[in-house]
Number of protein chains: 2
Amino acid sequence: MSDRPNPPEKHELISQLYAELSLTSDELTQLAAAYSVARYAKGDTILHEGDTVEYQYYVQSGCLRTYYLDGSGREHTIQFAITDWWISDYTAFFSQEPALLHIEVLADAVLYRISKADMDRLYLEIPALERFYRMKMERAFARFQKRILANLSQSAKERYQSFVTSYPDIEQLVKNYHIASYLGITTESLSRIRRELSNH
Amino acid sequence: MSDRPNPPEKHELISQLYAELSLTSDELTQLAAAYSVARYAKGDTILHEGDTVEYQYYVQSGCLRTYYLDGSGREHTIQFAITDWWISDYTAFFSQEPALLHIEVLADAVLYRISKADMDRLYLEIPALERFYRMKMERAFARFQKRILANLSQSAKERYQSFVTSYPDIEQLVKNYHIASYLGITTESLSRIRRELSNH
DNA sequence: GGAAAAAATTGATCTATGATAAGAAAGAGT
DNA sequence: ACTCTTTCTTATCATAGATCAATTTTTTCC
């Protein structure tokens with residue numbers, strides 16, 4: 001359950017989320033109207049491969065992951081998301097092609113979701129959102145580049161160490177087999193790595 | 001050398017590049033003024049790790065790659081760029097932190113470059129650019145996600161086959177050891193994969 | 001056209017991780 | 001508190017790819 005007993009009033013949260021934009025009161029009201037709150041329990045899957053991706057989600061509390069099922073039925077975790085992070089199958093959200101990814105709730109979550117239809121309308125009505133989301137995409141791109149670099153140049157052990165250093169909260173929250181699937185190794189290999197690291 | 005004997009007039013190219021935006025003549029003139037043409041020879045390095053990244057480049061002709069040098073001095077190719085593609089160390093371009101990547105010219109190139117200072121000014125003067133670059137970042141993000149998925153879920157042989165299928169022009173243009181470093185394997189492993197594939 | 005350099009291939013051996021199986025530990029439900 | 005399920009660890013064997021070295025092929029330069 002979220003450590004915040006109740007989510008804040010929607011309008012207050014939207015004000016904080018877009019604080020850097022200095023939007024007018026009317027613009028904030030428009031934005032707040034476009035968001036809806038969605039609560040999910042641990043274990044829920046809120047997107048399945050093949051679905052149309054209607055929403056992106058802002059995580060007010062909880063923990064989620066996106067994952068891909070390969071041809072052999074193995075799960076590959078693409079991203080985790082905790083409080084103050086965003087989550088969707090972004091590729092499918094942008095293109096409106098069927099989802100490639102699943103989204104699973106790893107800890108009870110309160111999410112604020114907004115549809116692509118509303119996003120597209122609001123880009124026209126509140127042009128400052130273009131800049132906000134361009135810069136958000138730049139940061140997301142940078143995180144993926146860092147991930148590609150790590151996958152190309154680091155051993156599994158090094159990648160695990162980076163993960164633990166960069167995301168201690170997530171490391172504590174999620175199961176080891178999810179971490180293994182994020183790192184691209186099996187749970188047995190992760191166990192060996194953890195044993196080696198604890199024997200130093 | 002470029003298969004186009006001369007680059008088109010700058011204004012014409014900028015018109016085509018931003019055709020979807022239906023910019024005014026004045027806006028196109030402003031944009032064209034911000035771009036400069038840069039010609040490089042095969043073998044040039046136009047960005048080094050540690051540099052401030054002042055420009056992003058549109059490739060009018062030629063071929064380039066970005067690469068990262070790891071702690072052991074090995075090169076990891078992050079992206080290639082051919083005609084009509086963009087290239088930079090984007091993470092450092094956005095953040096203005098020192099470059100992590102190098103950019104090398106693999107075939108004589110004609111590039112159109114624009115500085116971040118000009119970009120930032122033009123975002124304010126031509127707001128339609130915000131949308132153009134947000135959507136460009138969305139597509140770039142999607143390509144990186146596809147790359148992460150492939151790295152997590154495919155064997156080296158599968159990744160090479162996807163590469164050849166997706167980028168036949170690049171496969172013909174660049175050296176095998178660059179392809180190997182893009183795929184995250186050694187040149188010896190790539191040779192063995194190529195032999196296996198040619199014996200089927 | 002020839003020499004030198006670069007790129008690519010091949011072979012032998014090694015290593016990190018995968019596959020499989022079994023067992024232990026932790027968590028969930030009653 | 002107990003039982004069942006889920007998660008995690010460990011052992012053994014297999015494999016994809018790395019490392020190292022040598023050779024061949026291709027490209028570059030004069």
Side-chain angles (χ1 to χ4, degrees), chain A residues 1 41-45 63 65 67 69-77 80 104-108 150-164 170-200, chain B residues 1 41-45 63 65 67 69-77 80 104-108 150-164 170-200:
Chain A
M1 191 65 73
K42 177 175 178 177
D44 284 349
T45 302
C63 181
R65 70 175 181 133
Y67 67 93
L69 281 181
D70 73 15
S72 312
R74 272 171 295 204
E75 297 182 4
H76 303 277
T77 298
F80 295 102
E104 180 184 21
V105 182
L106 302 182
D108 291 353
N151 285 353
L152 288 177
S153 64
Q154 291 179 333
S155 66
K157 180 186 283 188
E158 291 166 332
R159 298 204 302 279
Y160 176 64
Q161 287 174 301
S162 295
F163 179 86
V164 169
I170 299 179
E171 199 265 344
Q172 288 300 312
L173 258 175
V174 307
K175 307 235 179 271
N176 282 347
Y177 71 93
H178 290 326
I179 297 175
S181 80
Y182 176 87
L183 298 174
I185 60 176
T186 62
T187 60
E188 294 87 348
S189 292
L190 181 56
S191 281
R192 279 187 216 116
I193 287 171
R194 283 162 54 83
R195 187 176 63 195
E196 286 168 29
L197 289 172
S198 70
N199 288 348
H200 279 79
Chain B
M1 192 63 74
K42 177 176 183 176
D44 285 349
T45 301
C63 182
R65 68 174 182 135
Y67 67 94
L69 280 180
D70 73 16
S72 312
R74 272 170 294 203
E75 296 183 4
H76 303 278
T77 296
F80 293 102
E104 181 185 20
V105 181
L106 302 181
D108 291 352
N151 285 352
L152 287 178
S153 64
Q154 290 179 333
S155 67
K157 179 187 284 190
E158 290 167 331
R159 299 203 301 280
Y160 176 64
Q161 285 174 303
S162 295
F163 179 86
V164 169
I170 300 179
E171 198 264 345
Q172 288 300 311
L173 259 174
V174 306
K175 306 238 178 267
N176 283 347
Y177 72 93
H178 289 326
I179 297 176
S181 78
Y182 175 87
L183 297 174
I185 59 176
T186 62
T187 60
E188 294 89 343
S189 293
L190 181 56
S191 280
R192 290 189 239 276
I193 287 169
R194 283 161 55 81
R195 186 178 63 191
E196 286 169 29
L197 289 172
S198 71
N199 288 348
H200 279 79

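Predicted model only: the values in this text are computed from it and were never measured. Reminder, nothing fancy here: chain letters follow the sequence lines and each chain counts from 1.
The shortest side-chain heavy-atom distance between Leu197(A) and Val164(A) does not fall under the 4.5 Å cut-off. With a 4.5 Å cut-off on side-chain heavy atoms, Thr187(A) and Asn176(A) do not count as touching.
Defining each end axis of the helix from dG1(C)-dC30(D) to dT30(C)-dA1(D) as the rotation carrying four pairs' C1' atoms onto the next four, with five pairs an end, the two axes are found to diverge by 60° to 10 degrees.
Atom-to-atom, OH of Tyr160(B) to P of dA8(C) comes out at 10 Å; the value is rounded to the nearest Å. Atom NE2 of His178(B) is separated from atom P of dA7(C) by 7 Å (rounded to the nearest Å). Across the protein-nucleic acid pair, Glu171(B) atom CD and dA7(C) atom P stand 16 Å apart, rounded to whole Å. Per the geometry, CD belonging to Gln172(B) stands 15 Å off C1' belonging to dT26(D), to the nearest Å.
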The contact string for nucleotides 10-25 of chain C, one letter per nucleotide 5' to 3', using protein heavy atoms under 4.0 Å with B, S and - for base, sugar-phosphate only and none, comes out as BBB----SBBBB----
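Asp44(B) pairs by the salt bridge (charged side-chain N to carboxylate O under 4.0 Å, His left out) definition with nothing, not counting sequence neighbours. Taking Arg65(A) as the reference, Glu75(A), Thr77(A), Glu104(A), His178(A) meet the side chain to side chain donor-acceptor pair (under 3.5 Å) condition, with sequence neighbours excluded. Legend: residues meeting side chain to side chain donor-acceptor pair (under 3.5 Å) with Glu158(A), ordered by chain and number and at least two apart, are Ser155(A). Tyr177(B) is linked by a ring-ring contact (aromatic ring centres under 6.0 Å, His included) to nothing, counting only residues two or more places apart in sequence or in another chain. In this view, Glu188(B) satisfies the salt bridge (charged side-chain N to carboxylate O under 4.0 Å, His left out) rule with no residue, not counting sequence neighbours. By the side-chain contact (heavy atoms from CB on, under 4.5 Å) test, Asp70(A) is found to be paired with Tyr68(A), Ser72(A), Arg74(A), His76(A), Ser153(B), residues two or more places apart in sequence or in another chain being considered. Every residue was checked against the ring-ring contact (aromatic ring centres under 6.0 Å, His included) condition with Tyr160(A), not counting sequence neighbours, and none meets it.
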For side-chain contact (heavy atoms from CB on, under 4.5 Å), just list the numbers for Leu106(B) and Phe80(B), CA-CA rounded to whole Å, side-chain angles, deciding distance to a tenth of an Å, and then say yes or no. CA-CA 9 Å; Leu106(B) 302 181; Phe80(B) 293 102; 4.0 Å; yes
Filtered N/O pairs between nucleotides 4-7 of chain D and protein, under 3.5 Å:
| from | atom 1 | to | atom 2 | distance (Å) |
| --- | --- | --- | --- | --- |
| dT7(D) | OP1 | Tyr177(A) | OH | 3.1 |
| dT7(D) | OP2 | Tyr177(A) | OH | 3.3 |

